[in-house]
Amino acid sequence: MKKFLTVAALIWVFFLLQTSVCPWIAFGSIKPNLLVILIASIGFMEGSKAGMWTGFACGLLADLFAANGVSLISQNGATGDLLGFYALLFLYVGYLCGQANRLFYPEDIKLPLMMITAADLCVNFVCYLIMFLMRARLDIGYYLLHIILPEAVYTIVVAFIFYPLLLLLHKWLWCADRGSTE
């Protein structure tokens, strides 16, 4: 129960940071994707099931926020007419990141950061396919160089701050479940 409440609080905090702080720290309308950092980290540390539920909850919040006409993730298009798009997309991201759970070693930071980068690149590429390519906006070079890659770099820089904090919280919850006092 403690893990569930902690993850629910983390989802809410990361969503609030994504919607309130990230627009203030944007570089040329490029914002870090904190929700992808959370989803990939939870999936990687806890497994596919936890990653899927975290992804679904984060995606549902993103969809509800985007339904008001404000785009949460991508900069150039709101998805107010696609309710459930981010919920399904983030659910898959959480599942795929959770598949690498057996490779999880708390001492290794390279693999989780590569997973976060890959997850962010995949999310933005799928957003491009669904929101732009299907609407005959074919300039993938512009979208790749001006949105996808800069956001991935910015997200990974911010992940250097948030991932160790999430790892510390994970270790603390793991020790609390086992009754350890490390």
Side-chain angles (χ1 to χ4, degrees), residues 1-19 22 31-66 72-74 82-127 129-130 148 151-182:
M1 186 66 166
K2 189 185 287 188
K3 278 187 181 181
F4 174 78
L5 293 175
T6 304
V7 171
L10 281 172
I11 291 169
W12 187 247
V13 167
F14 272 63
F15 177 74
L16 289 176
L17 288 172
Q18 180 77 39
T19 57
C22 286
K31 302 176 278 194
N33 198 335
L34 300 180
L35 296 178
V36 168
I37 294 171
L38 179 66
I39 294 163
S41 298
I42 298 272
F44 192 64
M45 292 179 206
E46 298 291 331
S48 295
K49 192 173 182 182
M52 283 175 33
W53 284 110
T54 304
F56 180 76
C58 288
L60 194 59
L61 281 173
D63 282 330
L64 293 175
F65 192 73
L72 178 65
I73 307 301
S74 70
L82 297 175
L83 189 62
F85 172 72
Y86 287 123
L88 185 62
L89 179 60
F90 286 170
L91 181 131
Y92 284 131
V93 167
Y95 174 76
L96 292 173
C97 289
Q99 289 297 307
N101 176 259
R102 64 182 179 273
L103 303 173
F104 174 64
Y105 295 103
E107 301 83 24
D108 184 29
I109 195 169
K110 294 181 299 292
L111 186 60
L113 293 178
M114 286 190 299
M115 294 282 294
I116 291 169
T117 304
D120 188 59
L121 289 171
C122 289
V123 164
N124 280 315
F125 188 71
V126 170
C127 285
L129 288 176
I130 301 298
I148 294 177
E151 182 179 314
V153 170
Y154 200 7
T155 299
I156 202 65
V157 168
V158 172
F160 273 106
I161 298 167
F162 283 105
Y163 181 76
L165 296 174
L166 290 170
L167 183 62
L168 184 66
L169 184 63
H170 171 74
K171 287 180 182 179
W172 178 74
L173 286 172
W174 189 76
C175 289
D177 279 351
R178 306 277 187 276
S180 176
T181 58
E182 287 183 32

Atom of N101, atom of F44 and distance for their closest heavy-atom approach
ND2-O, 3.0 Å
Criterion side chain to side chain contact (heavy atoms under 4.5 Å, CB included) on L10 and L169, from CA distance to verdict:
CA-CA 10 Å; L10 281 172; L169 184 63; 3.6 Å; yes
Keeping to residues at least two apart or across chains, list the salt bridge (charged side-chain N to carboxylate O under 4.0 Å, His left out) pairs with something in residues 89-106.
none
How about CZ on F125, more than 12 heavy atoms from neighbouring residues, nucleotides or ligands closer than 6.0 Å, or not?
no
Check C58 against L38 and note the closest heavy-atom contact, atom names and distance.
SG-CD2, 4.0 Å
cation_pi(K3, W172) dist<6.0 Å, angle<=45:
no
Distance, nearest 0.5 Å, that separates CD1 of I37 from CD1 of I156:
7.5 Å
Is the shortest heavy-atom distance from the side chain of F162 to the side chain of L167 under 4.5 Å?
no
Among all residues two or more places apart in sequence or in another chain, which pass the side chain to side chain contact (heavy atoms under 4.5 Å, CB included) test with A57?
I11
Tell me, please, which residues at least two apart from K110 pass salt bridge (Lys or Arg N to Asp or Glu O under 4.0 Å).
D108
Shortest non-hydrogen contact from V36 to I116?
CG1-O, 4.0 Å
Within this structure, what is the CD-CZ distance for the pair Q18 and F65, rounded to the nearest 0.5 Å?
9.5 Å
Taking F14 as the fixed residue, which of N33, T54, L166 is the one that meets the side-chain contact (heavy atoms from CB on, under 4.5 Å) rule?
L166
For T155 and T117, run side chain to side chain contact (heavy atoms under 4.5 Å, CB included): C-alpha distance rounded to whole Å, both residues' side-chain angles, the deciding distance at 0.1 Å, then the answer.
CA-CA 7 Å; T155 299; T117 304; over 6 Å; no
Nearest 0.5 Å, please: how far is OH in Y154 from SG in C22?
7.0 Å
For T6, side chain to side chain donor-acceptor pair (under 3.5 Å) partners two or more places apart
none
What residue pairs, at least two apart or across chains, pass side chain to side chain donor-acceptor pair (under 3.5 Å) with a residue in residues 161-170?
E46-H170
Nearest 0.5 Å, please: how far is CG in L34 from CD1 in I161?
10.0 Å
Quick check for you: to the nearest 0.5 Å, what is the distance between F90 atom CZ and L61 atom CG?
10.5 Å
Looking only at non-hydrogen atoms, find the nearest pair between F85 and D63 and report the distance.
N-OD2, 3.4 Å
When rounded to the nearest 0.5 angstrom, what distance separates CG in L5 from CG in L173?
10.5 Å
Can you sort out the partners of F56 under ring-ring contact (aromatic ring centres under 6.0 Å, His included), two or more places apart, ordered by chain and number?
none
Of all the heavy-atom pairs spanning V158 and P32, show the shortest one and how long it is.
CG2-CB, 3.7 Å
Does any non-hydrogen side-chain atom of L89 lie less than 4.5 Å from one of C122?
no
Closest non-hydrogen contact found for S48 with Y95 is OG-O, 3.3 Å
